[in-house]
Structures are given as C-alpha cells and as structure tokens.
Colleague: 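Encoded as structure tokens, here's the structure I'll be asking about.
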Amino acid sequence: MPEKKEKFYLTTPIYYTNGLPHIGHTYTTIVADVIRRYKRMRGYDVVMTTGTDEHGVNVERAAKKAGVAESEFVAKMADAWRALWDELGIPADEFVRTTDLQHVRTVQWLFRQCKENGYVYKGNYTGLYCIYDNAFVNEPKPGNLCPDCDRPLETVTEENYFFKLSTFQKPLLDFYRKNPDFIQPETRKNEIISFVEGGLKDLSITRTTIRWGIPVPGEEPHVFYVWFDALTAYLSAVGGPEYEKRGYWPADLHLVGKDIIRFHTVYWPAFLMAAMLPVPKQVWAHGWFLMDAAKMSKSKGNVVLPRPIVNMLGMDALRYFLLREVVFGQDGNFSYDALVTRYNSDLANGLGNLASRTAALIEKNFAGKILKPGARQPQDEALAKEAQAAIGDVLENYDKLSFARALETIWSVIGAADKYLTSEQPWALGNSEDEQAREGTILWTTAELLRIVTALAYPVLPESAAKVWSLLGQPVAVGKFELDGLRWGQLVPATALGKAQTLFPRVDKTEAVERIEAMANEELNPTPAVPVPAATPIAGGAASAAPAASEKIGIEDFAKVEMRVGQIKTAERIVGADKLLKLTVDIGTEIRQICAGIAQYYEPESLIGRKVAVVVNLAPRKLRGVESNGMIVAASVGPEGRPVLTGFHEEVEVGARLK
Ligand code: ME8
C-alpha cells in the first residue's frame, strides 16, 4: 500500500465520433474500469480518461450527410458516447473531447514546443487525392480509384508541416531498451522494435485540404492532422501545459487495441521527447473481438452492441464474459451462445448459487447470524488454505492484467466451496449442540470464503459484489475495502446477514439469445415510432395530443418501403431457435435468404411454393447467427401475436411490386 496515495493515470483510446460504441470499444473501456477499481482497492489515487476524437474528413462528411454543422454533429455524438458509458456504470473521470478549448490550446502548445526545439519544418506532401471528397486517399482501389466514390484520383501536392520522426529512431530504440515494459504484450513489442529498426520517415502533421481541424496558429489554412491532435488528448485531459499542477502526467497506462499500437508507441513518445515532456510508462495493446471470425462493421451487419446484452443479463455478466473468455492481449470470437452459457454456469450456478445457498442456511438455522467457528477439521483447513493462497495469486494476475487467470482462480475457489458444502451437508446435521456447532463452523467457513472471493471479484463484478458484500453484513463498501489487508479469518462472528438480493437469475439460452438479438436489431434498425392517435392523451394527461396532420406519414415515406411478391423456394428449421424458419425466397430479381419468426405456426414443407409479400429493402441482419435479407409480411393475430402470412387470391407474378 503506497504511503501517501500514489497517483495512477490510465486511458482508453479517444474514440471516433463517426459511429457509436460497439462491444469492441466497450471492451477497452470495461478493462480500464476494472483496472481503475482494482488500483483504488490497492490504495491508489486513480484517474481514468476516455473521450471522443472529433476532427477530420470523416466527421466533415458525416455532418454534411446529416445536414448539420460539424460542431453540432460532434456535440451530439460526444453526448451519446458519454451517456452510454454513464449508463453502463463505466463513466470517465475525465472525458476529453478534441474540440474542447483546453485541448485546442494543448495541441497548439505542444506544436510550438516541438517547433522551438527544431523538430518541425515546412515541406510538400504529395499523395493521391479525391477532389469530390476533398481528401487524400491512402489505399486507393485498383486503377487509382477512390474507395468511397469510385471516381479517379488525382496526384496532388500540398504544403504541410512535417515532424522529424526520422531523427527519433535511436532515441526510441534506446527508450524501449531502458523501459522493457513500455510496450505490452511482448509480441507487440517485438513488432514495434523491428518496425523502428527498419527506419522512420518524417511525418506530415498538418493539412491545408481539411477544414474541420485545430488551426495551426498563424498558419491558416493549416490544421493539425489526426494523430498529432488525437494523441495529445491524453495530456489535455490532465492539465495540458499545466500538467505538473495536477501531477498525473506521465500516464501510467494507455490501453489500446492492437490496431493503433504504432501511433502510441512510436509517434506519441517521439512527439513528447521532441517537446521535452515525460513519456508514458506503458502502452498495452489488446486483441480484437471478432464476430464470425471477422472484424465487426456496421455494413457487414455483424456488430455486437452492449446495451441489449446488459438489458438481458446485466452489466456484470458482460464484464465477466469479456474478461474471462479471452486471454487479454489475444483475439477472441464473440458469441451470444458462449456468453449465455458462461452466465448460467459460472454466474448463476457458480457465485450466485453459493451465495444464496449459504445465506439461506444461515437464515434458516441461525436466524441470519453468522456463528463463531468451532474446532476446525482438516477439510475446513484445506479450504481456508486454498482461499488464502488465491488472494496472492489473484492480485498478482490483476497486476499483470491477466484477467482470465485471476477469474479462473477465483472460480476454482468457488468450485471448491461448492464441493465442500455438498460433501459436508450442513443441512443434514441435527439439533444436538455438537452438530449445531459443526454446522456453524461449516457455514462460517463458507461465508468467509464468500467474503474473500467477493472482494477479489469486485473489480470485474462491481454490482453483484456489492450485493454479496452487503448480504454478508460488511461495514465498509466493497470498493473501498483495501485489498492489501485481505486475509482468511477476518469474518466477524455474530455479524447479521443483510438482505438477500437476486444475483443472477438463470435464463433459458435460446430465449435469452433471441431476445438479445431482437433488441440489437431494433437498436441497429429502429422501427419508426407508431403514430399516436389524435384522441390519445400523452401519458400523465398534461400535454395535449399532437395535431392530426403530424401523425400521418406522407406517400413519400411509404414509398421508401419496397415490398414485392416473393415465392418461397425452401424452408427449414434453425437448430437452437425454435421460433425461426430459414427460408429462401424468389423475389423476381434474385433468390434471398430470409428468416421468419413463424416456426411455431407453420410447418416448413407447407410453405414451399407459397407466394408472400416481402419487404426487400431492409438492411440485412442476423437472427441467431443466420443472415436474413428481407422480411416476410404477416398479420399479428390475437394476444399472443400469432403470425398469419399474407396471400393473394389471384394469380400474381413473382417480383411484382406492392403499392
Ligand atoms: O482508433 N475488438 O478510434 P476508434 C476490440 N480515434 N477492441 C476494439 C474493437 C474490436 N473489435 N473495435 C474497436 C481510433 N476496439 C482513434 C484513437 S487515440 C488517441 C485515437 C477498440 O473509435 C480498441 O481499443 O476506431 C481500438 O483501439 C479502439 O476501439 C479504436 O477506436
């Protein structure tokens, strides 16, 4: 435990605002939150920064498409990012926006320092440029075409400021040697060292062809180009030029995905060295969460969103799964099935069951009071020894960011306690004084073990750990408990149990996955709000109903929905999804695969050849992992919403449009 609270500063990447957070971004922010909570339990004064990277061509374009000013666009997006982190219980201590005045000042100041020290010069940058999108293109399509608009690119030269990255090859290699833990994990370190050994080119750090950026003072129309701007946000967040006053710089840890490690371990230390500023202590690059073995992207329709999972299973379940399933640093596949399986086995049947079993027995047989343990038997000693050993092991693994190992150890102790209860059978003991004393000892032992695993699990499972902690009647909030003082044997007898709260109700896997997927689909492709009938008062009755005209949609809105006559060619059930059928449907121009939630009402064979109405211009989505490209129209009948397919009583041509 540090004497005076030692400071610990950690960051997530400063995320782009041209999209909203998915599970990948959530992963990095969760990890940062786990470290923050853990370090606080070890006595550190911790600041965690996250934020939004708001400049550049992509934002210019997105704002234009949305028909709003860039500043308005990014303000809304930054609010949405911040609100989601708050909602998920992983709020930033410092939320930095690259449009903040403090950040603008810091970037301009850093640039001046680099320039005064002789590391910046003016030169010409030549590259392939799209005159329609007003942007340089790094990776053109074959034939030098713009990857966004397919138009031919032109070779354009513009005046830029360059940073003398080339002069930092030796200083960087020396720095890596002297600070062997700077780049983590080891494999990434080797990659970066060989990259730097291969030679470094000077870096263009300003642009004159981009409008939406931080101006280079006195050098308009120069604006700073992406990385010089974005990386500096870590410093702006804790004081910028006055960083010494707050005392959090240099950062102890930058957490990033492997995609951006080079910027953090080559450019960033070089910028700071050039400005004679302290360099961060460590950059940790984790791997990718993949969906169906591919990187997530909205256009592929394979994005996993955090909110539906949290709504269904709770935030702790998501945190536990992400940290337990994949070794930190490596890539991992995300699957809803694996998520729910782990939830049921490790959380509901594991920690949840141990807590409720122990509490129920103490409640029933000892009026909710933890008894004083009597003479200990070898099996009690063995369990105590295992839990005590786990403390050191778990702390060591948290320190190394080996979260999966830390959780594995905690859960093996939970497993041992389960076995202990099953073999000791406290519920079968009688009422004699000896037997009661034995039962008291067994339950004290289990409750003490529960206290230890709860304290250790808190950084990953803050909500549920707080519940178990108060169930055990502990006086200090679990997050404030000092882990350095955690020892077997501290559970005070006669402590009265607190109120039991549900931790992890078991869920039906198929149903849970279907519900998560339905919520995710709704979030990605929201159904337009159902118009409120004119006479319906708004909830609460105070507001008057909107005028009738605004409740109707215009023909142009209806025209956006393209419906065609389709003919079902094949139909089959989907394993593990008892409500869904996988269909192939001829829509005149092509054969589409479409999933329909009609399996409980239609036999697949009865559908072959049937003509139905199909919405053909819906964005593709995945249902239970199966791609669905369109929607079959059905009436929803009765209180249970039984689907009844539309039909045609006259001969209609496949592909005919419904108007
Ligand atoms: O790169 N799996 O922002 P960004 C795991 N603005 N992590 C993932 C992930 C996935 N599938 N997808 C994203 C930028 N991430 C710059 C950063 S920093 C000064 C500027 C996480 O919005 C991971 O941490 O593209 C990755 O590095 C980051 O999101 C990229 O976020």
Side-chain angles (χ1 to χ4, degrees), residues 10-35 48-59 62 74 77-78 80-82 84-85 90 92 94-100 103 106-107 110 184 188 205 213-214 224-238 251 253-269 271-272 280 283-298 300 302-306 318 321-323 325-335 401 403:
L10 85 157
T11 65
T12 74
I14 309 302
Y15 303 110
Y16 287 129
T17 39
N18 48 334
L20 285 169
H22 59 58
I23 211 81
H25 310 108
T26 312
Y27 178 52
T28 318
T29 310
I30 284 177
V31 171
D33 180 66
V34 169
I35 299 172
M48 174 195 133
T49 288
T50 187
T52 39
D53 186 354
E54 304 183 0
H55 290 122
V57 182
N58 288 338
V59 168
V74 293
M77 294 300 273
W81 279 79
R82 197 197 309 247
L84 183 74
W85 299 146
I90 45 180
E94 294 294 340
F95 189 95
V96 60
R97 298 181 50 192
T98 58
T99 50
D100 288 339
H103 175 70
T106 308
V107 171
L110 185 73
Q184 291 292 324
R188 302 274 164 241
I205 54 166
I214 297 178
F224 289 100
Y225 189 52
V226 284
W227 291 99
F228 196 86
D229 172 350
L231 288 159
T232 307
Y234 299 137
L235 183 58
S236 329
V238 287
L253 177 62
H254 290 315
L255 282 174
V256 297
K258 63 180 184 181
D259 49 330
I260 54 176
I261 179 115
R262 196 180 284 178
F263 308 114
H264 283 78
T265 56
V266 181
Y267 296 6
W268 185 220
F271 295 159
L272 291 165
V283 178
W284 231 106
H286 62 70
W288 287 112
F289 260 103
L290 307 170
M291 189 66 177
D292 306 324
K295 204 177 147 195
M296 289 177 210
S297 88
K298 205 169 169 183
K300 274 194 234 147
N302 66 348
V303 177
V304 179
L305 299 176
L318 177 62
F321 177 75
L322 293 177
L323 293 183
E325 193 70 5
V326 175
V327 171
F328 191 62
Q330 296 179 4
D331 287 349
N333 217 19
F334 188 92
S335 116
L401 309 195
F403 304 110

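Small disclaimer: the values here were computed from a predicted structure and weren't measured. Every number for a ligand or one of its atoms is a count from 1 in the order of the listing.
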Colleague: Nearest non-hydrogen contact with atom 17 (C) of ligand 1 belongs to which option: Val96, Thr28, Ile14, Asp259?
Modeller: Ile14
Colleague: When you measure from atom 29 (O) of ligand 1 to every protein heavy atom, which one gives the shortest distance, and what is it?
Modeller: His25 CD2, 3.3 Å
Colleague: Just to verify, what does Tyr15 make a side-chain hydrogen bond (donor to acceptor under 3.5 Å, both in side chains) with, not counting sequence neighbours?
Modeller: Thr29
Colleague: List the steps and the verdict of side-chain contact (heavy atoms from CB on, under 4.5 Å) for Tyr16 and Asn58.
Modeller: CA-CA 9 Å; Tyr16 287 129; Asn58 288 338; over 6 Å; no
Colleague: To the nearest 0.5 Å, what is the distance between CZ on Phe334 and CD1 on Ile23?
Modeller: 4.5 Å
Colleague: Is there a donor-acceptor contact under 3.5 Å from the side chain of His25 to the main chain of His22?
Modeller: yes
Colleague: Please work out which of Trp268, Phe289, Tyr267 has its closest non-hydrogen atom nearest to atom 2 (N) of ligand 1.
Modeller: Phe289
Colleague: Considering Trp288, Tyr27, Phe334, Tyr16, which one's heavy-atom position lies nearest to atom 12 (N) of ligand 1?
Modeller: Trp288
Colleague: Going from OG1 on Thr26 to CG on Leu318, what distance comes out if it is rounded to the nearest 0.5 angstrom?
Modeller: 7.0 Å
Colleague: State if Met291 counts as touching ligand 1 under the rule of any non-hydrogen atom under 4.0 Å.
Modeller: no
Colleague: Trp227: heavy atom below 4.0 Å from ligand 1, yes or no?
Modeller: yes
Colleague: Quick one: nearest non-hydrogen protein atom to atom 31 (O) of ligand 1, plus distance?
Modeller: Tyr15 CD2, 3.5 Å
Colleague: Should His22 be listed as contacting ligand 1, given a heavy-atom distance under 4.0 Å as the test?
Modeller: yes
Colleague: If the cut-off is 4.0 Å to any non-hydrogen atom of Ala230, which atoms of ligand 1 fall inside it?
Modeller: 19 (C)
Colleague: Between Asp53 and Val226, is there a side-chain heavy-atom distance shorter than 4.5 Å?
Modeller: no
Colleague: Is it the case that the ring center of Trp227 lies less than 6.0 angstrom away from the ring center of Phe263?
Modeller: yes
Colleague: Taking only non-hydrogen atoms of Phe263, do any sit less than 4.0 angstrom from ligand 1?
Modeller: no
Colleague: Below 3.5 Å, N or O to N or O, backbone or side chain included: is there any such pair between Val256 and ligand 1?
Modeller: no
Colleague: Between Trp268 and His254, do the side chains contain an N or O donor and an N or O acceptor separated by less than 3.5 Å?
Modeller: yes
Colleague: What atoms of ligand 1 come within less than 4.0 Å of a heavy atom belonging to Ile260?
Modeller: 1 (O), 17 (C), 27 (O)
Colleague: Kindly write out the residues that satisfy side-chain hydrogen bond (donor to acceptor under 3.5 Å, both in side chains) with Thr232, not counting sequence neighbours, or none if the list is empty.
Modeller: none
Colleague: Below 4.0 Å from ligand 1: does a non-hydrogen atom of Gly287 turn up there or not?
Modeller: yes
